Amino acid sequence: MTTMKTLVIAEPRKMVWTTRDKPTPAAGEALIKILTAGICGTDIHAWAGNQPFFSYPRVLGHELCAEVVELGSDARGFERGQRVALIPYISCQQCDACQSGKTNCCEKISVIGVHQDGGFCEYLNVPVSNLLAVDDVAPEAAALIEPFAISAHAVRRAGIVAGEHVLVVGAGPIGLGVAAIAAANGASVVVADTSEFRRQHVNDKLALAALNPADENFYDALREQFNGRLALKVIDATGSPAAMNNAVNLMRHGGTIVYVGLHKGDLVIPDSEFHKKETTLMGSRNATREDFDRVRALMASGKLRAEMMLNEHFAFSTLAEDFEPQVINNRELIKGVIYFDR
Ligand SMILES: NC(=O)c1ccc[n+]([C@@H]2O[C@H](COP(=O)([O-])OP(=O)(O)OC[C@H]3O[C@@H](n4cnc5c(N)ncnc54)[C@H](O)[C@@H]3O)[C@@H](O)[C@H]2O)c1
Ligand SMILES: [Zn+2]
């Protein structure tokens, strides 16, 4: 086969099937055959046209599990037939962040499937330096290593260790990943979300307590979970300033707040509480190879399972037709994985 089926966002709200040439890997690249792909909130925003940095036409897909089918010259470290996950970030290696070793914060970062064409197609060329070997992880879970790695990065930034009282605000894919990884670290984890459906998912699939921050007795319920105390670490995964303006009030002395949610609007930090409690405030951006490795190992050991984040499956062959009715209009979608039926 020299051509391949490719799903292109031609313009906002318009997905079309296109036939493209199957690529040939250049030096340092692998040609990968996509097996599964996760659908991210970014994909949905790109479809809707409300992602300012997006340009069209674009092939989405940055949460990928694939098989190596061909290797370009000098593409070392992988073999044909090997199962891999994509680390989609390409950093410039020159900016201040990259020079400080924080390539996840690169000022000129290019994300495969966001700033350049990704994997909602049958085959993709990628630098081998962007691959992670995942032979010990099933394709369904391997497609979720990237969102779980973003969560793992936030957990690592917060320094969450066994026995700590951790409140995760927001039970979308990122918050669920944070809660699952913090619990795998041995922390005592409570999740807060205004959505009853998402709280039920936390109870059922993570076996953790989930509270509604809009409830009158929220603070009392939180204290009850944490042996009469407030949280030591709060991780925000909502992206809602309304959810987090009072985060410092949820903390006890010497606590840490990590914002992984990207807030559409400024945050308000209650000054007196912030000083009085000597609160630490941190951001968390993307993930590093270390975070991807940690997630792969947790998945291989059975401590992280796809179902903790995943609740829908889609077929690649009908995705253009299904995207609006089943992805966009599905109020109960948390995370979907696409199967590449050929
Ligand atoms: N830092 C990074 O590198 C990075 C990477 C990916 C995503 N993100 C951000 O992380 C955030 C979460 O992503 P997601 O895909 O899980 O999103 P999502 O929209 O699926 O989940 C957000 C959750 O927050 C809940 N929520 C909203 N307002 C709330 C409130 N006031 N109180 C409690 N819960 C509330 C919602 O019910 C929902 O369950 C987004 O802001 C996203 O942009 C950051
Ligand atoms: Zn850089």
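All values derive from a computational prediction rather than experimental measurement. Whatever order the structure lists ligands and atoms in, that order sets their numbers, starting from 1.
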Which residue from [options] reaches closest to [atom] through any of its heavy atoms?
atom                    : options                        : value
atom 23 (C) of ligand 1 : Asp193, Ile44, Asn104          : Asp193
atom 30 (C) of ligand 1 : Gly170, Ala149, Ser195, Ala243 : Ala243
atom 18 (P) of ligand 1 : Glu196, Lys335, Arg198         : Arg198
atom 34 (N) of ligand 1 : Val191, Thr194, Val258         : Thr194

Do me a favour and list the nearest non-hydrogen protein atom to [atom] with residue, atom name and distance?
atom                    : result
atom 28 (N) of ligand 1 : Ser240 CB, 3.8 Å
atom 14 (P) of ligand 1 : Pro173 CD, 3.8 Å
atom 13 (O) of ligand 1 : Ile174 CG1, 3.6 Å
atom 42 (C) of ligand 1 : Leu262 N, 4.2 Å
atom 4 (C) of ligand 1  : Val260 O, 3.7 Å
atom 21 (O) of ligand 1 : Gly172 CA, 3.3 Å

>> Looking at ligand 1, is there an atom of it that comes within less than 4.0 Å of some heavy atom belonging to Gly41?
In response: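 Gly41 does not count as a contact of ligand 1 under the 4.0 Å cut-off.
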
In plain terms, say whether [X] and [Y] are close enough for a salt bridge, that is, a side-chain N and a carboxylate O under 4.0 Å apart.
X      : Y      : result
Glu324 : Arg13  : no
Arg157 : Asp291 : no
Glu122 : Arg342 : yes

>> Can you tell me how the ring of Phe316 sits relative to the ring of Trp17, calling it parallel under 30°, perpendicular over 60° and tilted otherwise?
In response: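 Answer is perpendicular, since the angle exceeds 60°.
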
>> Can you check atom 37 (O) of ligand 1: any protein non-hydrogen atom closer than 4.0 Å?
In response: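 Yes.
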
> Do you see a donor-acceptor pair shorter than 3.5 Å between the side chains of Asn104 and Thr288?
Replying inline: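 Asn104 vs Thr288: no donor-acceptor pair found between side chains.
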
Which of the ligand 1 atoms, numbered from 1, are nearer than 4.0 Å to a heavy atom of [X]:
X      : value
Gly261 : 9 (C), 10 (O), 11 (C), 41 (O)
Gly239 : 41 (O)
Pro213 : 32 (N), 33 (C)
Ala237 : 11 (C), 12 (C), 22 (C)
Asn286 : 2 (C), 3 (O)

>> Show, in sequence, the C-alpha distance, side-chain angles and deciding distance for Arg296 and Asp136, and conclude whether the salt bridge (Lys or Arg N to Asp or Glu O under 4.0 Å) test is met.
In response: CA-CA 8 Å; Arg296 186 205 52 74; Asp136 49 358; 2.7 Å; yes

> Is it the side chain, the backbone, both or neither of Ser284 that has a heavy atom closer than 4.0 Å to ligand 1?
Replying inline: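 Contact part for Ser284 vs ligand 1: backbone (N, CA, C, O).
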
> Is it the side chain (CB and beyond), the backbone, both or neither of Ile150 that lies under 4.0 Å from ligand 1, heavy atoms counted?
Replying inline: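 The part of Ile150 near ligand 1 is the side chain, not the backbone.
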
> Would you say the side chain of Glu164 lies within less than 4.5 Å of the side chain of Val161, judging by non-hydrogen atoms?
Replying inline: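 Yes; the side chains approach each other to less than 4.5 Å.
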
>> Do Val260 and Ser151 make a side-chain contact, defined as non-hydrogen atoms from C-beta onward lying under 4.5 Å apart?
In response: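 Val260 does not reach Ser151 side chain to side chain.
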
>> Please tell me whether Trp47 and Tyr56 form a close aromatic pair, meaning their ring centres lie under 6.0 Å apart.
In response: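 So the answer is no for these two rings.
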
>> Taking side-chain hydrogen bond (donor to acceptor under 3.5 Å, both in side chains) as the cut-off, I'd like each qualifying pair that reaches into residues 191-201, sequence neighbours left out, listed once.
In response: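 Every pair satisfying side-chain hydrogen bond (donor to acceptor under 3.5 Å, both in side chains) with a residue in residues 191-201: Gln200-Asp204.
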
>> With side-chain contact (heavy atoms from CB on, under 4.5 Å) as the criterion, how do Thr6 and Met4 come out once you've worked through the C-alpha distance, each side chain's angles and the decisive distance to 0.1 Å?
In response: CA-CA 6 Å; Thr6 304; Met4 62 172 190; 3.8 Å; yes

>> With a 4.5 Å cut-off on side-chain heavy-atom distances among I, L, V, M, F, W and Y, is there a chain of contacts connecting Leu31 to Leu35?
In response: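 Per the 4.5 Å side-chain linkage, Leu31 and Leu35 are not co-clustered.
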
> Sorted by chain and residue number, which protein N/O/S atoms are under 2.8 Å from the Zn ion (ligand 2)?
Replying inline: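 Atoms qualifying: Cys92 SG, Cys95 SG, Cys98 SG, Cys106 SG.
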
>> I'd like to check the salt bridge (charged side-chain N to carboxylate O under 4.0 Å, His left out) partners of Asp236; sequence neighbours left out, ordered by chain and number.
In response: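 Applying salt bridge (charged side-chain N to carboxylate O under 4.0 Å, His left out) to Asp236 gives none.
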
> Who passes salt bridge (charged side-chain N to carboxylate O under 4.0 Å, His left out) against Asp74, sequence neighbours left out?
Replying inline: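 For Asp74, the residues satisfying salt bridge (charged side-chain N to carboxylate O under 4.0 Å, His left out) (neighbours in sequence not counted) are Arg76.
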
> Of Phe340, Phe314, Tyr339, which meets side chain to side chain contact (heavy atoms under 4.5 Å, CB included) against Leu319?
Replying inline: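 Among the candidates, only Phe314 passes.
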
